[in-house]
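Step one of this worksheet: look at the structure below.
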Amino acid sequence: SPQKSNYTSKITSAIRNPHKLLERLLPSLPTRRNRFHAFVRSYIDQSERVFIMYSLAATNHFAELPFVCGSDQIWAPNQFDQWYYLSFVTDRHRRIAYAPSIGLPRIPDHLKPQVAALVEGIGFLSIRERQGAQLVHELTGIHAPVVLDPTLLLTKEEWLTISRPPSINKPYALCYLLGSNPKHRDLIGKYNQTAGYDTVVLPFAEGDDSWGDVQLDNIGPLEFIGLVNRASIVFTDSLHGMLFSINLNKPFNVFMRFAENHILCQNSRIENAIDMLGLRHRLVEDDTAAIQNDKDIDYRTVNRLLATERTRSLGYLADSLQRSTAYAERLIHA
């Protein structure tokens with residue numbers, strides 16, 4: 001029947017174009033996507049998109065500089081992709097890994113030989129978490145240096161030059177939760193009610209669009225930086241929600257999004273950062289009855305630690321780029 005045909009057509013269209021379905025369910029999604037695209041156009045130089053392996057491999061012939069992969073969870077075993085290890089680059093000395101994250105606590109046995117070979121093929125290897133460095137050492141015997149997440153390579157002052165302040169006049173707590181744990185939201189709600197803060201929510205989980213006092217689901221990177229910077233306190237279970245809070249010197253509390261025995265547990269990403277900077281006391285444990293860690297953070301100490309790590313990480317990246325470039329130049333003139 002025409003009605004059935006129309007229904008089938010809609011289903012087929014949704015399967016082929018899932019972003020259009022999401023845009024109907026979340027009207028602000030196009031705005032958010034446009035703001036991310038605008039950020040990339042303004043601040044990141046990109047080549048044309050590459051869709052096939054032949055074109056990817058061809059970059060070896062016209063790219064004069066080294067290839068760098070990183071960061072975030074590009075090496076997560078649950079989304080394994082050999083191209084994220086720069087396997088298309090013909091010379092290992094032109095491969096640099098800056099702060100890739102494995103993210104998960106283990107690598108499945110069936111992937112270990114392939115991952116080991118790919119990691120060993122990288123001329124200049126670093127990683128983002130000490131837990132990932134341990135996995136790399138177990139696989140290959142290589143001691144990979146642990147370096148900062150790239151967002152921390154920029155200072156607070158550098159990030160604020162591109163931030164877009166929010167039009168919120170009352171003191172607010174920014175809530176950026178990727179998980180769906182209702183207890184986390186309950187603890188935040190009770191704390192904000194006592195502290196007198198409005199609850200500003202960046203919705204992700206089901207029900208977030210009606211939780212809190214203000215819901216902002218159409219922001220991009222510039223707005224996000226501004227929101228964190230103007231917040232009285234930040235509550236998050238996101239690594240980068242926490243890292244931007246630290247870099248912008250904001251009071252924050254962080255929750256663990258995963259149970260420790262979860263097959264996709266990514267808690268090590270947060271643990272590595274808070275331990276490195278002496279901020280484990282900002283972690284809200286799941287058995288906490290009420291949020292207590294709301295006092296100001298000694299950011300003089302944190303900033304000194306962060307500055308030391310930033311210098312070391314930038315030094316590693318600069319040295320890797322210099323050595324790799326020098327190697328490529330020797331080949332050209334050989």
Worksheet item: Do Q82 and S87 pass the side chain to side chain donor-acceptor pair (under 3.5 Å) test, and can you show the C-alpha distance, the side-chain angles, and the key distance before you say yes or no?
Response: CA-CA 6 Å; Q82 64 169 313; S87 60; 3.2 Å; yes
Discussion item. With a sphere of 6.0 Å drawn around CG of D298, does it hold more than 12 non-hydrogen atoms of other residues, nucleotides or ligands?
Written reply: yes
Worksheet item: Would N218 and R33 count as having a side-chain donor-acceptor pair, cut-off 3.5 Å?
Response: no
Fill in: Short side-chain to backbone donor-acceptor contact, T155 and E158, under 3.5 Å
yes
Worksheet entry | N192 and D198: side chain donor to acceptor below 3.5 Å | no
Worksheet, complete the sentence: For Y85, the hydrophobic cluster (side chain heavy atoms closer than 4.5 Å, chained through members) also holds I74, W75, F80, Y84, I102, I107, L111, V115, L118, V119, I122, L125, I127, L135, V136, L139, I142, V146
Practice prompt. For the pair T236 (side chain) and S238 (backbone), establish whether a donor and an acceptor sit closer than 3.5 Å, ignoring hydrogens and angles.
Written response: yes
Practice prompt. Compare every heavy atom of D213 with every heavy atom of Y197, then report the nearest pair and how far apart it is.
Written response: O-OD2, 4.2 Å
Worksheet item: Sub-3.5 Å donor-acceptor pair from the side chain of S42 to the main-chain atoms of F39, do we have one?
Response: no
Fill in: Backbone of V147 reached by a side-chain donor or acceptor of S126 within 3.5 Å
no
Worksheet item: Just by distance, do the side chain of T325 and the backbone of Q322 share a donor-acceptor pair under 3.5 Å?
Response: no
Worksheet item: Between K250 (side chain) and N229 (backbone), is there a donor-acceptor pair under 3.5 Å?
Response: yes
Practice prompt. Verify whether the ring centers belonging to Y176 and F235 lie closer than 6.0 Å.
Written response: no
Worksheet item: Is a donor on one side and an acceptor on the other found under 3.5 Å between the side chain of N60 and the backbone of A57?
Response: yes
Response to the item:
Residues at least two apart in sequence or cross-chain that pass salt bridge (charged side-chain N to carboxylate O under 4.0 Å, His left out) with R280, listed by chain then number, are E271, D275
Worksheet entry | Test side chain to side chain donor-acceptor pair (under 3.5 Å) applied to S313 - qualifying residues, sequence neighbours left out | none
Worksheet entry | Test item: side-chain donor near acceptor, T31 and N34, under 3.5 Å | no
Worksheet item: CG/D286 to CZ/F255 distance, rounded to the nearest 0.5 angstrom?
Response: 9.0 Å
Discussion item. According to side chain to side chain donor-acceptor pair (under 3.5 Å), who are the partners of D208, at least two apart in sequence or on a separate chain?
Written reply: R185
Discussion item. Check this for me: does any side-chain nitrogen of one of D72 and R128 sit under 4.0 Å from a carboxylate oxygen of the other?
Written reply: yes
Worksheet entry | Joint hydrophobic cluster, L216 plus F36, side-chain heavy atoms closer than 4.5 Å | no
Item to complete: Taking the six-membered ring for Trp and the single ring otherwise, decide whether the centroids of F67 and F88 are under 6.0 Å apart.
Response: yes
Discussion item. Taking Y327 as the starting point, is it possible to reach L65 by hopping between hydrophobic residues whose side chains are less than 4.5 Å apart?
Written reply: no
Fill in: Residue pair L321, V68: steps toward the side chain to side chain contact (heavy atoms under 4.5 Å, CB included) verdict
CA-CA 9 Å; L321 288 168; V68 183; 3.9 Å; yes
Worksheet item: Does any N or O in the side chain of N247 come within less than 3.5 Å of the main-chain N or O of L154, such that one atom is a donor and the other an acceptor?
Response: yes
Worksheet item: Looking only at atom types and distance, does a side-chain atom of S101 sit under 3.5 Å from a main-chain N or O of G103, one as donor and one as acceptor?
Response: yes
Worksheet entry | Partners meeting side chain to side chain donor-acceptor pair (under 3.5 Å) with Q134 (sequence neighbours left out) | E138
Practice prompt. Any chance you could measure S55, atom OG, to R49, atom CZ, to the nearest 0.5 Å?
Written response: 14.0 Å
Worksheet entry | Nearest-0.5 Å distance that lies between atom CD in E309 and atom CG in L314 | 11.0 Å
Discussion item. Please enumerate all residues that pass salt bridge (charged side-chain N to carboxylate O under 4.0 Å, His left out) together with E223, with sequence neighbours excluded.
Written reply: R35, R164
Practice prompt. May I ask you to decide whether R94 forms a salt bridge with D91, counting only side-chain N to carboxylate O separations under 4.0 Å?
Written response: no
Practice prompt. For the pair R95 (side chain) and P66 (backbone), establish whether a donor and an acceptor sit closer than 3.5 Å, ignoring hydrogens and angles.
Written response: no
Worksheet entry | Point-to-point distance, once rounded to the nearest 0.5 Å, from CG of N181 to CE of M256 | 13.0 Å
Item to complete: Test side chain to side chain contact (heavy atoms under 4.5 Å, CB included) on E206 and S180 and set out the steps.
Response: CA-CA 7 Å; E206 183 178 357; S180 57; over 6 Å; no
Worksheet item: Does NZ belonging to K190 count more than 12 external heavy atoms closer than 6.0 Å?
Response: no
Practice prompt. Mark yes when over 12 heavy atoms from residues, nucleotides or ligands other than Y43 sit less than 6.0 Å from its OH; otherwise mark no.
Written response: yes
Item to complete: Answer yes if I246 and L160 sit in the same cluster of Ile, Leu, Val, Met, Phe, Trp and Tyr residues linked by side chain heavy atoms under 4.5 Å apart, and no otherwise.
Response: yes
